Participant: 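The structure under discussion is supplied below as structure tokens; questions concerning it will follow.
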Number of protein chains: 2
Amino acid sequence: MGVTTKDLARICGVSLGTIDRAFRNRPGIKTETRDRILAAAREYGYKPNLLARNLKFQRTGDIGLVVHDLENEFFAQLVNAIQEIAWKRDCFLQIAISRRDHQRERAALEHMAGRNVDGILLFPAGKGEDFDAFLTGLDRPIVTIANKVSPLWPFVGLSDRPVMRRLTEAVIAKGYRRLVFVGPLEARSEGINLYEIEERYAGFVEAVDAAPGVERHLAAGGDYLEQVCALGLKEARTAVLCCSDIFALELLNDFRGRGLSVPGDVGLAGFDSIDALRFISPRITTVEYPIQKMGELAFELLAAGQVGAELPQIELEPKILWGESI
Amino acid sequence: MGVTTKDLARICGVSLGTIDRAFRNRPGIKTETRDRILAAAREYGYKPNLLARNLKFQRTGDIGLVVHDLENEFFAQLVNAIQEIAWKRDCFLQIAISRRDHQRERAALEHMAGRNVDGILLFPAGKGEDFDAFLTGLDRPIVTIANKVSPLWPFVGLSDRPVMRRLTEAVIAKGYRRLVFVGPLEARSEGINLYEIEERYAGFVEAVDAAPGVERHLAAGGDYLEQVCALGLKEARTAVLCCSDIFALELLNDFRGRGLSVPGDVGLAGFDSIDALRFISPRITTVEYPIQKMGELAFELLAAGQVGAELPQIELEPKILWGESI
DNA sequence: CTGAAAGCGCTAACAA
DNA sequence: TTGTTAGCGCTTTCAG
């Protein structure tokens, strides 16, 4: 155990009150006494016990951040962006990973709430009434990011559906007659929050269904590579639109293995604009995710403490970044 | 504020002791009373205040993890690996990012120590006597990862120097006569911990200097791209060995832009074996970093609490993964 | 200017 | 089987 205020009081021959006055720069203490105490503190390596302090204050200055994963560069960038703001605001970030797993997400959230974080930024894996109730029970300010849970919670995300519609329309305009959407929607039944993917798919569907004579396909399972290739890609002018860049990269690799050229034999687009795309050729068409801005907004919303119970639902407008892949 | 044990006691008309017996499954309580309390707890949404509990126990079950960055996929993989073990051990991970910045690193460490984490896993940015003293002052078990700080601290890393020597020797054996090492060693003076890069460079130097008639170069600055290209890559059989894959990827991009082919015009190798390499062609020669194992070992060391003050210094042996780039 | 004492919420030893 | 009480370390009010 380290040195406590009590120890210091004994060492310096003063009372606890005086120790506190010294550390917290409160008036009513001789400068000399203060100096003596601070010197002793340094000498004995006093470190305040934040648990005790926070228990007293009922606030910690920490905020919790829960994300799905870190290996997807997208999340890494998001965490970094938020971390940066938190640092500027002199606020400590507690980061936890849910792995898109309900149990873990809840465990992490519960843990953070128990630790009295002042607020939580959540990239949700869960949804539904149960989840709403659970979040309410945490009794903390929460801001949801990217995946909407319900209008009960302040939200910062993307206008996923319109942008995907625009992208799809543009692809159709380029002459593609068969469009495939790739996204892990097969997990839908399990109560997993797939808001973004569903929205993107919806935008895709809207665009294709408005275009006469264009085929629409969905590759939703873990075997999406096989599903896509089973279509016989060379038979029609086919474009594959992925709900995220990592799927596009996997497909590109697979196409290469099969001797299919992009965009010669098949068109390909991703979503998120992860940094790794810089190294890939052909340059993949994707959608720029305003991660920085999203992180900042989410943080602001949390810090502002949604006064007046407004529960803002913000949708940022992303840009389409045209590459050479479609 | 939420419901507390005291509230529950009042609500149920029992004493605090009984409440505690109910929650902590201690003997000496009627099952009926217990059930009544647990029911009330659920009904009123009781959430234990972990700050208070931990203050009592003087331990938290949390461990801290400090890494440089998350955007480098390498760290993301490391964090994920450790997170996985922590989850299995029912232990909460507090993740913080230092950005290789002394101030931030210290702030994060101090914060974690103040929060009474039970131990700290540190991928260090600092080094030197000051830093040793600082770490000692934290008065917590610490395990250092990858970058050695000093023999004072348990350490899990790589046999960076031997593996880099082996790689370099093999490259020379392939007929390359001019070897360039790329790594940000220019920061050396600022007291930043560059242990791994320095070790790798040392291995590189050893190998080249043992080979008569082979030129040795170092591109250490932020302008390494220019430095490398200024050598006139086509003039001699040149190989560029990078201290990490991300540099290799940048170089590959740059070479492409200049119409240089890899490995036709210049050989290229990385280090770390990040996942993104899967998507790159030509397949880049790299060194497999046993991240999983490293994370597990570090965690074990921390959990074991280095009894007997042994201060193990473990060096894992990585494999060279030959690709097509050299 | 300084000390004594109570309390944050939870726990556990000791009484009853 | 249950209640009382002291205490984790820090903060603050109220006396002195």
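Predicted, not measured: the structure shown is a model, and the values here were computed from it. Per chain, numbering begins at 1; letters A, B, ... match sequence-line order.
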Participant: For residues A/L135 and A/W153, determine if any side-chain heavy atom of one lies less than 4.5 Å from a side-chain heavy atom of the other.
Facilitator: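 They are in contact (side-chain heavy atoms under 4.5 Å apart), so the answer is yes.
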Participant: Starting from P on C/dC10, measure out to CD1 on B/I37 and report it in whole angstrom.
Facilitator: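 Between P of C/dC10 and CD1 of B/I37: 13 Å.
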Participant: Taking 4.0 Å as the cut-off, does a side-chain nitrogen or oxygen of A/R53 come that near to OP1 or OP2 on D/dG9?
Facilitator: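 No, A/R53 has no side-chain N/O under 4.0 Å of OP1/OP2 on D/dG9.
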Participant: Rounded to the nearest Å, what distance is computed from the CG atom of residue A/N54 to the P atom of nucleotide D/dT11?
Facilitator: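 Going from CG in A/N54 over to P in D/dT11 covers 9 Å.
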Participant: Which whole-number value in Å describes the distance from B/L16 CG to C/dT11 C1'?
Facilitator: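 Interatomic distance, CG of B/L16 to C1' of C/dT11: 10 Å.
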Participant: Once you round it to whole Å, what is the distance between P of D/dC8 and CG of A/L50?
Facilitator: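 Going from CG in A/L50 over to P in D/dC8 covers 18 Å.
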Participant: Please tell me which of B/R34 and A/T18 maps to the more 5' nucleotide of DNA chain D, matching each residue to the nucleotide holding its nearest heavy atom.
Facilitator: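 The residue closer to the strand's 5' end, by nearest nucleotide, is B/R34.
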Participant: Report the distance from atom CZ of A/R36 to atom P of C/dC1, rounded to the nearest whole Å.
Facilitator: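 So the two atoms are 14 Å apart, to the nearest Å.
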Participant: Is it true that a side-chain atom of B/T144 and a backbone atom of B/P154 form a donor plus acceptor pair closer than 3.5 Å?
Facilitator: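 Yes.
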Participant: Of all the choices, D/dT2, C/dA12, C/dG9, which nucleotide is nearest to the side chain of B/I29 once you look at every atom?
Facilitator: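 Selected nucleotide: D/dT2.
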Participant: Given C/dT2, D/dT1, D/dT11, which nucleotide is nearest the side-chain atoms of B/K30?
Facilitator: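 Of the options given, the side chain of B/K30 lies nearest D/dT1.
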Participant: Rounded off to whole Å, could you give me the CG-to-P distance for the A/N25 and D/dT11 pair?
Facilitator: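 Value for this atom pair: 12 Å.
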Participant: How far does CG of B/L158 sit from NZ of B/K293, to the nearest 0.5 angstrom?
Facilitator: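 Spacing of CG (B/L158) from NZ (B/K293) equals 11.5 Å.
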Participant: Nearest to the side chain of B/R24 - D/dT11, D/dC10, C/dT11?
Facilitator: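 That would be C/dT11.
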Participant: Taking NZ from A/K6 and P from C/dA6, how many angstroms apart are they, rounded to a whole number?
Facilitator: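 It is 15 Å, rounded to the nearest whole Å.
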Participant: Quick one: is B/T4 getting a side-chain N or O under 4.0 Å of the C/dG9 phosphate, OP1 or OP2?
Facilitator: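 It does not, given that no N or O in the side chain of B/T4 lies less than 4.0 Å from OP1 or OP2 of C/dG9.
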Participant: Any luck finding a side-chain donor-acceptor pair between B/D62 and A/H111 under 3.5 Å?
Facilitator: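 There is such a pair (donor and acceptor under 3.5 Å, judged by atom type) between the side chains of B/D62 and A/H111.
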Participant: Counting only side-chain heavy atoms from C-beta out, which of C/dC10, C/dG3, D/dG9 sits nearest to A/R21?
Facilitator: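 Of C/dC10, C/dG3, D/dG9, C/dG3 is nearest to the side chain of A/R21.
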Participant: C/dA12 base to B/R26 side chain: any donor-acceptor pair below 3.5 Å?
Facilitator: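 Answer is yes: a donor-acceptor pair is held.
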Participant: A/T31 or B/K47: which one's nearest nucleotide on DNA chain C is closer to the 5' end?
Facilitator: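 Mapping each residue to its closest nucleotide by heavy atoms, the 5'-most match is A/T31.
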Participant: Please report the interatomic distance NZ(A/K30) to OG1(A/T18), rounded to the nearest 0.5 Å.
Facilitator: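 Spacing of NZ (A/K30) from OG1 (A/T18) equals 10.5 Å.
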Participant: Between D/dG9 and A/T5, is there an OP1 or OP2 to side-chain N/O distance shorter than 4.0 Å?
Facilitator: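 Indeed not, no polar side-chain atom of A/T5 lies that close.
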Participant: Check every atom of D/dT11, C/dT11, D/dC8 against the side chain of B/Q58 and return the nucleotide holding the closest atom.
Facilitator: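 The listed nucleotide nearest to B/Q58's side chain is D/dC8.
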Participant: Side chain of A/P48 only, heavy atoms from C-beta on: which candidate in C/dA12, D/dG3, D/dC10 is closest?
Facilitator: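 Closest nucleotide among those given: D/dC10.
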Participant: Which nucleotide sits closest to the side chain of A/L55: D/dT11, C/dG9, D/dT13?
Facilitator: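 Nearest nucleotide to the side chain: C/dG9.
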Participant: Return yes if the base of C/dG9 and the side-chain atoms of B/K56 contain a donor-acceptor N/O pair under 3.5 Å, otherwise no.
Facilitator: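 Side chain to base: no pair below 3.5 Å.
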Participant: Can you check whether A/G126's main-chain N or O pairs, donor with acceptor, with A/E105's side chain at less than 3.5 Å?
Facilitator: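 At least one qualifying donor-acceptor pair exists.
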Participant: Using a cut-off of less than 4.0 Å, is there contact between a side-chain N or O of B/T33 and OP1 or OP2 of D/dT2?
Facilitator: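 Affirmative; the distance criterion is met.
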Participant: A/D20 CG to C/dG3 P: how many Å, rounded?
Facilitator: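 Value for this atom pair: 13 Å.
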Participant: Base, sugar-phosphate, or nothing: which does A/F23 touch, judged by heavy atoms less than 4.0 Å apart?
Facilitator: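 Result for A/F23 = nothing.
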